[in-house]
Amino acid sequence: MTQPRSSRPPLIELRNVTKVYGKGAAAVRALDGIDLSIAKGEFVAIMGASGSGKSTAMNIIGFLDMPTSGEYGFIGTPASRLIRDQRTLIRRHFLGFVFQGFNLLPRTTALENVELPLIYRGTPQRERRSLGLQALERVGLRGREHHTASELSGGEQQRVAIARAIVTSPALLLADEPTGNLDSRKSREIMDLVSSLNREQGITVIMVTHESDIAAFAHRVVRFVDGKVASDLPQVEAA
């Protein structure tokens, strides 16, 4: 299927990517020849039913998994040429992740959770604290920085996870159902924040969602069906 063209340079390119889990009769083809190009600065929503391949594609884009065949290129570099340590460095320095399950340390404060990516980068303590507080303020949690994750509501934990993802000002933000545990008002606030990061800081955003009103914030919506890209269309008007 022909994809929307952009004059901006590609950040991500998947060419005939497949992903097969298992062998023989038990083999499951999660991705079946995916072609997908995403330009720097785009905001793309990926939609599809459970088992459609959207999360598998997200994992490959985030260097959490590798294709069985085909090629994935990030900023022009084929993933197949990178060793494990190099892929780890790309995740650390270029990517931010927001998972539906939060993945926070339960006995660690909100600020300490947000600071974790900066610790891995070797950022000095004073700078870590300043950046962490700024990120928490952007997601509406200033004043809650000393509460542990286990003391926060589900919605607050998700906002901590988003603050942790944006604290390093990543080139690419990967979000898996980022508003899945928030009410409609907070969902709008979070999506306004994500949109502003994309619009004002140029962070490329790829978001998996099953909610059409959340996908409406994106520039493009890519729909997966049975491991294939069924449609890839620009939004008439982003939210």
Side-chain angles (χ1 to χ4, degrees), residues 6 8-15 17 36-44 46 55-67 71-105 108-139 145 158-176 178 190 193-208 218-219:
S6 172
R8 290 171 288 186
L11 182 72
I12 290 162
E13 289 187 281
L14 286 81
R15 293 289 176 260
V17 165
L36 183 64
S37 179
I38 296 174
K40 182 179 179 181
E42 282 198 278
F43 185 169
V44 177
I46 298 178
S55 294
T56 301
M58 179 79 88
N59 288 339
I60 288 174
I61 291 170
F63 290 95
L64 299 173
D65 205 349
M66 292 292 287
E71 189 60 77
Y72 166 42
F74 182 76
I75 319 181
T77 301
S80 59
R81 296 183 185 176
L82 302 174
I83 62 173
R84 183 187 297 271
D85 287 349
Q86 291 172 318
R87 297 196 296 269
T88 298
L89 286 173
I90 286 177
R91 289 197 301 270
R92 187 176 298 170
H93 289 276
F94 292 95
L95 309 183
F97 294 90
V98 180
F99 297 104
Q100 188 174 8
F102 311 146
N103 290 356
L104 302 179
L105 301 176
T108 301
T109 67
L111 180 58
E112 289 167 337
N113 268 286
V114 172
E115 287 180 333
L116 279 175
L118 300 173
I119 292 174
Y120 297 144
R121 280 190 173 190
T123 304
Q125 183 177 9
R126 182 175 295 181
E127 185 180 355
R128 286 202 313 264
R129 179 178 176 83
S130 175
L131 291 172
L133 289 172
Q134 289 175 39
L136 285 169
E137 185 168 9
R138 295 204 72 176
V139 300
E145 60 267 20
Q158 185 69 306
R159 284 185 277 161
V160 172
I162 292 170
R164 180 182 60 190
I166 66 174
V167 72
T168 58
S169 297
L172 173 61
L173 179 65
L174 296 166
D176 186 357
I190 290 300
L193 170 61
V194 172
S195 294
S196 71
L197 291 168
N198 169 255
R199 181 177 61 255
E200 298 169 11
Q201 298 186 22
I203 298 175
T204 306
V205 179
I206 303 176
M207 174 181 66
V208 167
H219 304 150

Would you compute the distance between atom [atom1] of [X] and atom [atom2] of [Y] and round it to the nearest 0.5 angstrom?
| X | Y | atom1 | atom2 | answer |
| --- | --- | --- | --- | --- |
| L133 | R128 | CG | CZ | 12.0 Å |
| L64 | M58 | CG | CE | 10.0 Å |
| L89 | R121 | CG | CZ | 11.0 Å |
| L95 | I203 | CG | CD1 | 11.5 Å |
| I206 | I61 | CD1 | CD1 | 4.0 Å |
| E200 | N198 | CD | CG | 10.0 Å |

For F99, does the CZ atom sit with more than 12 other heavy atoms under 6.0 Å from it, leaving out its own atoms? yes
Tell me if the CD atom of Q125 is crowded by more than 12 foreign heavy atoms within 6.0 Å. no
I'd like to check the side-chain hydrogen bond (donor to acceptor under 3.5 Å, both in side chains) partners of E137; sequence neighbours left out, ordered by chain and number. R142
Taking side-chain hydrogen bond (donor to acceptor under 3.5 Å, both in side chains) as the test, write out the residues that go with Q201, two or more places apart. none
I'd like a table of donor-acceptor pairs (distance under 3.5 Å, sequence neighbours excluded) in which one partner is a side-chain atom from residues 159-172, with atom names and distances.
{"from": "R159", "atom 1": "NH1", "to": "V139", "atom 2": "O", "distance (Å)": "3.4"}
{"from": "R159", "atom 1": "NH1", "to": "G140", "atom 2": "O", "distance (Å)": "3.4"}
{"from": "R164", "atom 1": "NH1", "to": "N103", "atom 2": "O", "distance (Å)": "2.8"}
{"from": "R164", "atom 1": "NH2", "to": "F102", "atom 2": "O", "distance (Å)": "2.8"}

Quick check: does any side chain N or O of Q158 sit under 3.5 Å from a backbone N or O of P178, one acting as donor and the other as acceptor? yes
Check whether any side-chain N or O of S130 sits under 3.5 Å from a backbone N or O of E127 as a donor-acceptor pair, and report yes or no. no
Checking L174, L173, D176 against V98 for side-chain contact (heavy atoms from CB on, under 4.5 Å), the one that qualifies is L173
Review item, side-chain donor-acceptor pairs of residues 109-120, under 3.5 Å, at least two apart:
{"from": "T109", "atom 1": "OG1", "to": "E112", "atom 2": "N", "distance (Å)": "3.1"}
{"from": "T109", "atom 1": "OG1", "to": "E112", "atom 2": "OE1", "distance (Å)": "3.2"}
{"from": "E112", "atom 1": "OE1", "to": "T109", "atom 2": "N", "distance (Å)": "3.1"}
{"from": "N113", "atom 1": "OD1", "to": "L105", "atom 2": "N", "distance (Å)": "2.9"}
{"from": "N113", "atom 1": "ND2", "to": "L105", "atom 2": "O", "distance (Å)": "3.3"}
{"from": "N113", "atom 1": "ND2", "to": "T108", "atom 2": "O", "distance (Å)": "3.1"}
{"from": "N113", "atom 1": "ND2", "to": "T109", "atom 2": "O", "distance (Å)": "3.1"}
{"from": "E115", "atom 1": "OE2", "to": "R129", "atom 2": "N", "distance (Å)": "3.2"}

Quick test of your reading: applying side-chain hydrogen bond (donor to acceptor under 3.5 Å, both in side chains), list the pairs with at least one residue in residues 77-96, sequence neighbours left out, ordered by first then second residue. E71-S80, T88-R91
Can you name the nearest heavy-atom pair linking S37 to E42, along with the distance? O-OE1, 4.3 Å
Minimal heavy-atom distance between L193 and S196, with the atoms involved, is O-OG, 2.7 Å
For D65, what residues pass the side chain to side chain contact (heavy atoms under 4.5 Å, CB included) criterion, not counting sequence neighbours? K19, Y21, N59, I60
With sequence neighbours left out, what residues match F63 under ring-ring contact (aromatic ring centres under 6.0 Å, His included)? Y72, F74
side-chain contact (heavy atoms from CB on, under 4.5 Å) for V205 and V44? Distances and angles first, verdict last. CA-CA 6 Å; V205 179; V44 177; over 6 Å; no
